[in-house]
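Here's the structure we're looking at; comments come further down.
Since we're looking at a predicted model, the values are computed, not measured.
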Amino acid sequence: MRPLEGIRVLEVAMYGFVPSAGAVLADWGADVVKVEHAVNGDPQRGLRQTGTFRVEGDPNPNVAHANRGKRSIGLDIARPEGREVLYELAKDADVFLTSFMPASRTRLGIDVDDIRAVNPRVVYARGSALGPRGPEADKGGYDMTAFWARAGTAASITPPGTEGLISPPGPAYGDTISGTNLAGGVAAALLRRERTGETAVVDVSLFGSGLWAMGHAIGLSLHLERAWEGVRPSAHGSPRNPLSGLYRTADDRYISFVMLQPVRFWPGVCRCLGRPDLAEDPRFATGESIAEHTEEAVKILREIIAGGTLAEWSERFAVLDGPWAPVQDTLQAAADSQARANGYLGQAGDLELVASPVQFDVEDTRLGPAPEFAAQTEEILAELGYDWDRVLALKASGAVT
């Protein structure tokens, strides 16, 4: 049994951030009902082009990543009839999850007091760009602005003197991290309600999540009064440790060594390289001598590693005790045997997707497919006790799809 089975989540949210929290809750077993506009649906459904990647037809990973495992109802909550259905759904919900901004929540009658009026025990969870307080609490934003740029990552990862800024490494990068934070906050609020009977309003923002992701660097910056700065990519790394840095392979990929105790790991590396003689070389016998002769060691390792491909070295280094990693692209990471052994990817309908990172009882996370737009509208209305005539009346009014 998954930990949130029996928990009902009502999601009134769009795009990537807050819906990704709903996806995590669904991964954990919650029944997540996604409320989408009766005509347009979640605007994310129209996202086909992401950078140079274009998806034609369905299924669409741009939608499925943040919406797998849910049910969808098409509902116009701006209409009184649609809002009445929403309130009926809210009566039995454990969690109300929304990305709507304060003015829209007030206008649509879905703010905390509105939902609590029909269900005092509901956990009300909000995702925002910049947080619920302060002069900019009513402003919107995306992960590129609030998470990546404003919270310090973009400036901290971009080397000084670079024209422009390094962009996030992938779509919905800050959205996905922030959504996981929000799901964790919801789980904690549910535990509090279970233990004390007290419910909570849960807030997570893209900005706050971005600050948390940079928390170590910001703490150092504040203590030393020095902004964290990006560094230019280098061919190696440490000037005093040949086993802390990058080495290019024959196919122009990289191996990353992070062995902070070079004396301990040097013999094993030499054996994997097919050069056991280097383990006996007096230049590399002690910490002091390795530090003194790092430049020579790096030159030797570069020449050897440049003679094999990433796949070849990954196989040979598999027995190495010291910390290292192949620098993999997204396809290689998805095919990684360790990712597969741990069930870090799963089948969600016709798509293979990354599972949310928390596992329970050492079991793979079960993923469900993303719903087609409004695919469960009639099913959900039937669960509310609506007979067919009432369903038809709602459809005729435009309140539901």
Can the positive tip of R105 be found less than 6.0 Å from the middle of the six-membered ring of F100, inside 45° of the ring normal?
no
Minimum-distance pair of heavy atoms, taken over all atoms of R150 and A146
CB-O, 3.7 Å
Any salt bridge linking R283 with E292? Criterion: basic side-chain nitrogen under 4.0 Å from a carboxylate oxygen.
no
Nearest heavy-atom pair of A129 and G141: which atoms, and what distance?
CB-N, 3.4 Å
Indicate yes or no: does R121 engage D92 in a salt bridge with an N to O separation below 4.0 Å.
no
Take N60 and N62 through the test side chain to side chain donor-acceptor pair (under 3.5 Å) and record every step on the way to the result.
CA-CA 5 Å; N60 183 357; N62 292 310; 3.1 Å; yes
K70 bridged to E36 by N-O distance under 4.0 Å
no
Whether H37 side chain and N40 backbone form a donor-acceptor pair below 3.5 Å:
yes
Within the side chain of S156, is there an N or O that forms a donor-acceptor pair under 3.5 Å with the backbone of G152?
yes
Residue pair V122 / R193, side-chain heavy-atom distance below 4.5 Å:
no
Salt-bridge criterion met for R275 and D277 (N-O under 4.0 Å)
yes
Taking the side chain as C-beta and beyond, is there a heavy-atom pair between P160 and E229 under 4.5 Å?
yes
Short question: side chain of D143, backbone of Y173 - any donor-acceptor pair under 3.5 Å?
yes
Check E295, E303, R302 against K299 for a side-chain contact (heavy atoms from CB on, under 4.5 Å) and give me the one that passes.
E303
Taking all non-hydrogen atoms of both residues into account, name the closest pair between A355 and G343 and its distance.
CB-O, 4.1 Å
N/O donor to acceptor pairs below 3.5 angstrom from side-chain atoms of residues 256-271, sequence neighbours left out:
{"unit_1": "Q261", "atom_1": "OE1", "unit_2": "R264", "atom_2": "NH1", "d": "3.2"}
{"unit_1": "W266", "atom_1": "NE1", "unit_2": "L278", "atom_2": "O", "d": "3.0"}

Do you know which two heavy atoms are closest between S178 and F147, and how far apart they sit?
OG-CD1, 3.7 Å
Say whether, by atom type as modelled, one donor and one acceptor occur between the side chain of W313 and the main chain of I305 under 3.5 angstrom.
yes
Side-chain (Q347) to main-chain (L351) donor-acceptor, under 3.5 angstrom:
yes
Any Y87 side-chain heavy atom under 4.5 Å of D114 side chain
yes
Report yes or no: does S20 contribute a side-chain atom to a donor-acceptor pair with the main-chain N or O of A66 at less than 3.5 Å?
no
Would you say the side chain of R116 lies within less than 4.5 Å of the side chain of Y124, judging by non-hydrogen atoms?
yes
Salt bridge or not for D31 and R8, using N-O below 4.0 Å?
yes
Does the pair R192/E198 count as a salt bridge with the N-to-O cut at 4.0 Å?
yes
Between R68 and D27, is there a side-chain N and carboxylate O pair less than 4.0 Å apart?
yes
Between S289 and T286, do the side chains contain a donor N or O and an acceptor N or O under 3.5 Å apart?
yes
Where the side chain of D42 meets the backbone of R45, is there a donor-acceptor pair that is under 3.5 Å apart?
no
Between R133 and D203, is a salt bridge (charged side-chain N to carboxylate O under 4.0 Å, His left out) present by the stated rule, with each step listed?
CA-CA 10 Å; R133 292 172 289 180; D203 278 294; over 6 Å; no
Can you tell whether the side chains of K395 and E378 come within less than 4.0 Å, N to carboxylate O?
yes
Between Q359 and D364, is there a donor-acceptor pair closer than 3.5 Å when you use the side chain of the first and the backbone of the second?
no
Between D251 and T309, is there a side-chain donor-acceptor contact under 3.5 Å, judged purely by atom types and distance?
no
Residue pair I115 / A90: nearest heavy atoms and the distance that separates them
CG2-CB, 4.2 Å
Is R340 salt-bridged to D336, going by a charged N under 4.0 Å from an acidic O?
no
Less than 4.0 Å between a side-chain N and a carboxylate O, is that true for R48 and E56?
no
Are R79 and D76 within salt-bridge range, i.e. N to O under 4.0 Å?
yes
